[in-house]
Amino acid sequence: MSRRAWVATWAVLCVAALAATAALNASPAAPDPQPEKPVSAECAEYIADIEKKLAKAKAEGNDDGVLAFTRTPVGADDCSDAIRDHFGGDR
C-alpha cells in the first residue's frame, strides 16, 4: 500500500476511536436509581434514632460511626432491609 493509503487508514481509525470514546463518555455511567421502597413508621423512627446517634457521635468528634443492631420482636416490622437501603449497605 502507498503511504497515502496508510495515512488515510490511520486517520479513519483515529476518528472512529474518538467518536466511540465520545459516545461512551456521553452515555450514563450507572443505571437509573431504583425508587425508594416505602418504609413503615416503626422503621422510619428507628432510622431517625440512628441518624441522631450518628450526628451526636460526629459532634463529639467520633467520626467512626455507630453500630446498630436490629431485632425483630414478634409482631414488629423487620427493619434490617430498610436500614441497609437507607445507609447504603455497601459500606
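Numbering of residues begins at 1 and proceeds along the displayed sequence.
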- Taking atom CD of Glu51 as the centre, report whether more than 12 heavy atoms of other residues, nucleotides or ligands fall under 6.0 Å from it. yes

- Is Arg84 salt-bridged to Asp81, going by a charged N under 4.0 Å from an acidic O? yes

- Could you state the interatomic distance from CG (Leu54) to CD1 (Ile47), rounded to the nearest 0.5 Å? 11.5 Å

- Query: Rounded to the nearest 0.5 Å, how far apart are CD of Glu45 and OG of Ser40?
  - Reply: 9.5 Å

- Message: Looking at every heavy atom in both Val39 and Cys43, which two are closest together, and how far apart are they?
- Response: CG1-CB, 3.4 Å

- Query: If we only count heavy atoms from C-beta on, is the Lys53 to Ile50 side-chain gap below 4.5 Å?
  - Reply: no

